[in-house]
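To keep things clear, I will list the structure first and then write my remarks on it.
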Amino acid sequence: MEITPKGLAALTGGSVEGDENAVITGFAKIEDAKQGDLSFIANPKYAHYIHTTHATAVLVGKDFIADGEVAATLIKVDDPYATLAQLLRMVEDMKPKPAGVEQPVYVSEGVELPEGIYLGAFAYVGKNVKLGRNVKIYPQAYIGDGVTVGDDTVIRAGVKIYEGCCIGARCIIHSGAVIGADGFGFAPKDGHFEKIPQTGVVVIEDDVEVGANTAIDRATFGQTTIGRGTKLDNLIQVAHNVTIGCNNVFASQTGIAGSTKIGNGNMVGGQCGFAGHITVGDFNEFGAQSGIPNHVGDRMRLIGYPAIDARQFAKNQVYIKNLGKLFSEQRNNK
């Protein structure tokens with residue numbers, strides 16, 4: 001990669017303050033950048049680095065005003081973080097993509113391999129699998145019988161997709177993820193637990209990303225659903241018959257118990273836990289380690305266990321911090 005601030009501004013609809021013909025060859029965090037690097041400021045707490053960074057150019061907001069002299073060239077854009085993501089995608093798209101069928105692989109008889117397919121060594125493709133165009137299946141992945149994979153989806157090394165599951169277009173399934181394992185269904189009988197067969201499937205819609213070592217269980221009957229555009233971090237558990245809507249983001253180690261329904265546009269911090277058989281609405285924010293035992297409406301900011309309004313949680317923390325002092329004062333007043 002080699003480009004100038006002038007060229008970047010033309011690509012991103014930005015404007016340049018400084019040397020528009022400087023040469024940019026890479027990306028870096030603003031505190032670690034060196035000559036030739038492009039960096040960015042999206043969070044005001046990093047703004048002071050603009051005076052010490054060695055970056056050649058820095059993406060900033062259009063309303064950014066430095067409180068002193070700046071050596072780096074500034075590229076002013078509407079949204080520095082979104083612009084950085086756009087540029088990183090462009091660089092990623094320029095990288096060569098694997099293609100063809102490595103050996104050894106196993107492809108069941110009758111499975112069609114469409115244009116642009118990549119099958120890495122030791123991949124397994126079961127009976128009646130349907131693969132879209134430009135699907136990339138990396139080494140040691142397992143695609144069970146009757147699975148459907150949409151166009152341009154990437155299935156990384158070691159992914160296991162059980163029989164009958166459906167993966168949409170432009171999805172990314174990272175290494176170690178397991179899609180369609182049995183849900184945790186057992187019925188107590190005569191002092192032991194008897195397994196309930198899990199006869200449903202998992203349906204993952206278009207543009208979903210599933211992190212490494214995440215598990216999405218198949219439904220007891222019907223389907224477990226991950227809606228279009230939702231992003232799951234690493235080490236997440238989605239239980240049987242869960243329904244997740246569109247464009248949600250879930251951070252690492254979140255667990256969602258069976259038959260819970262989550263709407264659209266929610267933002268979930270790490271290590272959150274959702275009880276089973278509850279309904280969560282749209283556009284909520286859940287702080288890290290929140291426990292959600294009951295139904296939740298729309299557009300709420302919750303944290304804690306049980307999760308409560310974030311402002312009330314902050315007030316409660318102040319009260320708890322002062323409990324020792326209050327008890328001491330009470331004892332002294334007796």
Side-chain angles (χ1 to χ4, degrees), residues 1-100 102 115-120 132-139 151-157 169-175 206-209 211-212 229 231 233-234 249:
M1 167 185 155
E2 188 171 302
I3 196 169
T4 64
K6 181 178 179 180
L8 283 176
L11 282 173
T12 61
S15 60
V16 177
E17 289 185 8
D19 183 1
E20 64 178 17
N21 295 312
V23 178
I24 297 168
T25 57
F27 299 90
K29 296 189 296 183
I30 193 163
E31 63 269 38
D32 299 331
K34 59 186 184 301
Q35 281 294 308
D37 286 336
L38 172 70
S39 193
F40 74 105
I41 296 174
N43 189 324
K45 74 178 184 179
Y46 291 96
H48 66 280
Y49 283 114
I50 198 66
H51 301 294
T52 58
T53 185
H54 295 293
T56 291
V58 180
L59 294 167
V60 297
K62 288 189 173 179
D63 58 352
F64 181 85
I65 299 176
D67 57 354
E69 189 174 345
V70 176
T73 296
L74 303 183
I75 304 173
K76 293 193 168 184
V77 295
D78 289 328
D79 185 334
Y81 196 57
T83 300
L84 179 72
Q86 173 192 347
L87 295 172
L88 288 171
R89 283 194 300 271
M90 291 170 61
V91 172
E92 187 70 17
D93 288 343
M94 290 189 292
K95 293 181 179 178
K97 301 295 188 296
E102 298 176 354
E115 174 187 352
I117 194 75
Y118 166 66
L119 292 177
R133 291 172 299 175
N134 301 313
V135 165
K136 311 298 181 188
I137 299 174
Y138 281 75
D151 295 347
D152 300 302
T153 283
V154 176
I155 298 171
R156 287 289 183 174
R170 299 175 303 280
C171 294
I172 302 174
I173 315 295
H174 286 284
S175 293
D206 297 345
D207 300 302
V208 169
E209 186 157 348
K231 315 299 182 185
D233 198 359
N234 305 331
V249 288

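FYI, side chains are in, hydrogens and waters are out, and symmetry mates aren't considered; it's all heavy atoms of this structure.
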Could you list the donor-acceptor pairs under 3.5 angstrom formed by side chains in residues 8-16, with sequence neighbours left out?
unit_1, atom_1, unit_2, atom_2, d
Thr12, OG1, Leu8, O, 2.8

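A donor-acceptor pair is defined here as one N or O able to donate and one able to accept, closer than 3.5 Å; no such pair exists between the side chain of Thr56 and the backbone of Gln35. Using a distance-only test at 3.5 Å, with no hydrogens or angles considered, no donor-acceptor pair links the side chain of Asn234 to the main chain of Gly211. In this structure a side-chain-to-backbone donor-acceptor pair under 3.5 Å is missing from Thr4 to Asn21. Using modelled atom types, no side-chain atom of Thr53 and backbone atom of Glu31 make a donor-acceptor pair closer than 3.5 Å. A distance-only check finds no donor-acceptor pair linking the side chain of Lys136 to the backbone of Ile117 [under 3.5 Å]. The main-chain N or O of Ala157 is found under 3.5 Å from a side-chain atom of Ser175 such that the two form a donor-acceptor pair. Between the side chain of Asp37 and the backbone N or O of Lys34 there is at least one donor-acceptor pair closer than 3.5 Å. A donor-acceptor contact shorter than 3.5 Å is absent between the side chain of Thr73 and the backbone of Ala57.
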Checking Tyr118 against Asn134 for the side chain to side chain contact (heavy atoms under 4.5 Å, CB included) test, could you report, in this order, the C-alpha distance in whole Å, the side-chain angles of both residues, the deciding distance, and whether it holds?
CA-CA 7 Å; Tyr118 166 66; Asn134 301 313; over 6 Å; no
Show, in sequence, the C-alpha distance, side-chain angles and deciding distance for Arg133 and Asp151, and conclude whether the salt bridge (Lys or Arg N to Asp or Glu O under 4.0 Å) test is met.
CA-CA 5 Å; Arg133 291 172 299 175; Asp151 295 347; 3.3 Å; yes
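For residues 35-91, every residue pair satisfying the ring pair (Phe, Tyr, Trp, His ring centres under 6.0 Å) rule, not counting sequence neighbours, is listed here: Phe40-Tyr81.
Pairing each heavy atom of Ala47 with each of Ile41, the nearest pair is CA-CD1, 4.0 Å. A pairwise comparison of heavy atoms in Ala55 and Ala72 identifies O-CB, 3.4 Å as the closest pair. Between Pro98 and Tyr138 the shortest heavy-atom distance is CG-OH, 3.4 Å. Across every non-hydrogen atom of Asp207 and Cys171, the tightest pair is N-SG, 3.8 Å. Closest heavy-atom contact between Pro139 and Glu102: CG-OE1, 4.4 Å. Closest heavy-atom contact between Pro80 and Leu59: CB-O, 3.9 Å.
Asp233 pairs by the side chain to side chain donor-acceptor pair (under 3.5 Å) definition with nothing, not counting sequence neighbours. Residues meeting the side chain to side chain donor-acceptor pair (under 3.5 Å) test with Lys95, sequence neighbours left out: Glu92. Take Lys76 and apply the salt bridge (Lys or Arg N to Asp or Glu O under 4.0 Å) test, not counting sequence neighbours, and it matches Glu17. For Arg156, there are no side chain to side chain donor-acceptor pair (under 3.5 Å) partners two or more places apart in sequence or in a different chain.
Within a 6.0 Å radius of NZ in Lys6, other residues, nucleotides and ligands contribute 12 heavy atoms or fewer. Counting non-hydrogen atoms of neighbouring residues, nucleotides and ligands closer than 6.0 angstrom, the NZ atom of Lys97 exceeds 12 such neighbours.
The line from CG of Leu87 to CD1 of Ile24 is 9.0 Å long, rounded to the nearest 0.5 Å. The OG1 atom of Thr83 lies 6.0 Å from the CG atom of Asp79; values are rounded to the nearest 0.5 Å. How far CG of Leu119 is from CD1 of Ile137: 5.0 Å, rounded to the nearest 0.5 Å. One finds the CG atom of Leu38 at 9.5 Å from the CD1 atom of Ile3 (value rounded to the nearest 0.5 Å).
The side-chain heavy atoms of Ile172 and Ile155, taken from C-beta on, include no pair separated by under 4.5 Å.
A salt bridge links Lys62 with Asp78: the closest approach of a Lys/Arg side-chain nitrogen to an acidic carboxylate oxygen falls below 4.0 angstrom.
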